[in-house]
2 protein chains.
Amino acid sequence: MSAWRERLQVDGGTTVTDRQGRDTGALANPSAVGLVAVIVAATDGEPRALTVQVPGQAGGRSDGLPAGPLVPEHPTLERGLRAWVERQTHQRLGYVEQLYTFGDRDRQGDEPHGLHTLSVAYLALVREVRPGGPAEASWRNWYRYLPWEDFRDGRPPALAEIEAKLLAWAGETADPKLRRRREDRLSLTFGLFDGAWNEERVLERYELLFEAGLIPEAQGQSGAATPGDGAVTGQPMAFDHRRVLATAIGRLRGKIKYRPVVFELMPPTFTLFQLQRTVEALSGTNLHKQNFRRLVAQQGLVEETEGVTSGAAGRPARLVRFRREVLLERPAPGFRLRPAKRPG
Amino acid sequence: MSAWRERLQVDGGTTVTDRQGRDTGALANPSAVGLVAVIVAATDGEPRALTVQVPGQAGGRSDGLPAGPLVPEHPTLERGLRAWVERQTHQRLGYVEQLYTFGDRDRQGDEPHGLHTLSVAYLALVREVRPGGPAEASWRNWYRYLPWEDFRDGRPPALAEIEAKLLAWAGETADPKLRRRREDRLSLTFGLFDGAWNEERVLERYELLFEAGLIPEAQGQSGAATPGDGAVTGQPMAFDHRRVLATAIGRLRGKIKYRPVVFELMPPTFTLFQLQRTVEALSGTNLHKQNFRRLVAQQGLVEETEGVTSGAAGRPARLVRFRREVLLERPAPGFRLRPAKRPG
DNA sequence: TCACTTATGCTCAAAATGAGCATTGTGCCG
DNA sequence: CGGCACAATGCTCATTTTGAGCATAAGTGA
């Protein structure tokens, strides 16, 4: 886009020398761009993300998200992403949406040259868990990395310790203004001080833990305290991939409320309860069963099929399928999920 | 992030030669990254975007959004954006959020080398319209560029012609499948064939017009028909900035429904009706006045001040201010706007 | 003071929610 | 084969939340 260069001169910014070698593709201000994918599936009522093994710092390996650099051969960002994912995991992607572009130089501990490294993150939803693919690719329950986000079996046990440490972090500052600010954030994100837990604020919670030094990946950052063990603050991931995962979860939790995206995760036919389990898995909360099915019914999200389940205990459930037509109808529906007092 | 390079080799991807000149900052797969800002204000009940003059193709100038390349001196993407905006428009930014990263090579008519040019777009909301700054920077009513999006005075007149052309476009294909698909999209986005108009689908509408060849910026694309004149399909912008603007409007229209972001556009004190006008300006629809104020009141979004308006016709209105505390309260509120049958 | 205009208060019916209780089919177990 | 346990489904009911209007209050300008 040569107009950029014109602009540069017009605006008096960095001047672009014209002697740059065009054949080598040298640019005035190059950046390295990476593509990262959070690939989500939900099987057996558990939310899963596809992970790969990434060489760690000390020669070990750690979990990471499928990722790779954007190269000129990629016609678009999204196509590039699909290519990397298929190569690394043999998983084909269906629904894909862009998530966020991370480019924080301070944070990622990048190149020393002052060059930027961006990561364009995507969220993908897939139906089936393909067991094949490279051995290093595997599906993991996403709460393994963010255990404090799962309220389906009541308040996560890890939260007690986390809260204690967060309170200590808020209290360790002398500046009353900063302290007040920290407390407000604790209230907003973790529901402390009589605040409410908002299941969409996944990223904010992660960021807060990061700042408070409770995330091992924060090591090497300024002012990071000693992180707790993984059982409490979750298993680490390579790079800042946990942050990317947190972003994805937060986005997905928000989106299922107003767009019928859950169906991207469901098999062709399913029961209403399986659907509910999936929504619950994503949101990390339990829903009122009867009301959930009333909602789904009145929104016309599904239609019945002939089939019913069998074999399991209890009355067989009717199999339904997603009504694609809803996409063309009224304001695109979703679920306004509201946690139930009692599970089930 | 040298780990990327390791990954590359591990995965058998592009090999990185090690002889690259580190001092020049050469990268294996460099990309040019641009930063673009949609800066929004709402004064006198009109939604405005800050534009700058950009050198056009034929030596002329056209409206564009403040933008500039990401350079190594920028500590973060957002800081880089703020720097460019301040230089180009003398406008300081308050609320800023990332919008989308555009990287479609096919579309932007980029570099011939096959290098990628990404644009990371941001949405910024500002309170006051600063008249100062370079002469080329000016506030423009955003419906100037997307006239079909404004339903405040009833159905936009431009829509009739647009719909006719879109129908023609859908009908011009022989393939019945493709035709059906086009019609579905028309229904979904423009509410044709008995569909509903969803004010959030700004981008989808723009994309559709683009594909249908009704957008002058599409010139040079394959299969583009002759675009209509600007009075109907709006004034063009440089590059793909109209697409960026459409993205911003769609995002903002969605966001005001569940986050109190409108207040970023309001002065310190304002009347409820001014607030309503602002929401209406953004959403392009009219709201029921009494219900709007009931909503605002019961959500506790504002608190009264001593002041009242004067001078204007009619009963003076009480001045209110945003209650910042709501940010810490219940699920973060916003406006669920629902168009009123009759304006006012 | 009257006419006009905009701000505010209030009412009412319809729809959407949040919680439970009641019933209906199935697989299983004596 | 009768009865039980366990889910799936149906339905009720009290609240809230919407959507639409009618009515009244309080300034401005003539």
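The shown structure was predicted, so the numbers you read here are calculated from the model rather than taken from an experiment. In what follows, chains are A, B, ... by sequence order, proteins preceding strands, each numbered from 1.
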Participant: Quick one: Phe292(A) CZ to dA8(D) P, roughly how many Å, whole number?
Facilitator: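 In whole Å, dA8(D) P and Phe292(A) CZ are 12 Å from each other.
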
Participant: Mind listing the N/O atom pairs, protein and nucleotides 10-16 of chain D, below 3.5 Å?
Facilitator:
residue : atom : partner   : partner atom : Å
dG10(D) : O6   : Gln290(A) : NE2          : 3.4

Participant: Looking at Ala246(A) and Leu146(A), what are the two nearest heavy atoms and their distance?
Facilitator: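 Looking at all heavy atoms of both residues, the closest pair is CA-CD1, 4.1 Å.
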
Participant: Can you tell me the distance, in whole Å, between the CG atom of Leu319(B) and the P atom of dA7(C)?
Facilitator: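 Distance, rounded to whole Å: 12 Å.
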
Participant: Rounded to whole Å, please give me the gap between NZ in Lys289(A) and P in dA7(D).
Facilitator: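 So the NZ-P distance, Lys289(A) to dA7(D), works out to 8 Å.
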
Participant: Atom CD of Gln276(B) and atom P of dT8(C): how far apart are they, to the nearest Å?
Facilitator: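 Taking CD of Gln276(B) and P of dT8(C), I get 12 Å after rounding.
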
Participant: Choose from dA16(C), dG20(C), dG21(D) the nucleotide whose nearest atom is closest to any side-chain atom of Gln298(A).
Facilitator: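 Of the options given, the side chain of Gln298(A) lies nearest dA16(C).
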
Participant: Using a strict 4.0 Å threshold on nitrogen-to-oxygen distance, state whether Arg185(A) and Glu207(A) make a salt bridge.
Facilitator: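 Salt bridge between Arg185(A) and Glu207(A), a charged N being under 4.0 Å from a carboxylate O: no.
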
Participant: Any side-chain to backbone donor/acceptor pair from Arg323(A) onto Glu303(A)? Under 3.5 Å, distance only.
Facilitator: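 Between the backbone of Glu303(A) and the side chain of Arg323(A) there is no qualifying donor-acceptor contact (under 3.5 Å).
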
Participant: Is Glu97(B) salt-bridged to Arg259(B), going by a charged N under 4.0 Å from an acidic O?
Facilitator: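 Salt bridge: no.
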
Participant: Heavy atom of residues 306-313 of chain B under 4.0 Å from DNA chain C: which residues?
Facilitator: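 Per residue number, the list reads Ala313(B).
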
Participant: Below 30° counts as parallel, above 60° as perpendicular, anything between as tilted: where do the rings of Phe270(A) and Phe263(A) land?
Facilitator: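 Phe270(A) and Phe263(A): tilted rings.
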
Participant: Please state how far atom CG in Leu272(B) lies from atom C1' in dT8(C), giving the value in whole angstrom units.
Facilitator: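 Going from Leu272(B) (CG) to dT8(C) (C1'), I get 10 Å.
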
Participant: CG of Leu295(B) versus P of dT17(D): gap in Å, rounded?
Facilitator: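 Distance, rounded to whole Å: 11 Å.
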
Participant: Let me know the distance between CZ of Phe270(B) and C1' of dA7(C), rounded to the nearest Å.
Facilitator: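 Between C1' of dA7(C) and CZ of Phe270(B): 16 Å.
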
Participant: Whether Glu183(A) and Arg180(A) form a salt bridge (side-chain N of Lys/Arg under 4.0 Å from carboxylate O of Asp/Glu) is what I want to check.
Facilitator: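 Glu183(A) and Arg180(A): not salt-bridged.
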
Participant: Is it true that Glu46(B) and Arg144(B) have a side-chain N and a carboxylate O under 4.0 angstrom from each other?
Facilitator: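 Judged by the 4.0 Å cut-off on N to carboxylate O distance, Glu46(B) and Arg144(B) do not form a salt bridge.
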
Participant: In terms of ring plane angle, is the pair Trp197(A) and Phe151(A) parallel, tilted or perpendicular, where the classes change at 30° and 60°?
Facilitator: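 Ring orientation, 0 to 90° scale: tilted.
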
Participant: With sequence neighbours excluded, tell me which residues meet salt bridge (charged side-chain N to carboxylate O under 4.0 Å, His left out) with Arg318(B).
Facilitator: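 Arg318(B) satisfies salt bridge (charged side-chain N to carboxylate O under 4.0 Å, His left out) with Glu304(B) only.
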
Participant: For the pair made of CZ in Arg318(A) and P in dG25(C), what is the distance, rounded to whole Å?
Facilitator: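 Whole-Å distance recorded here is 11 Å.
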
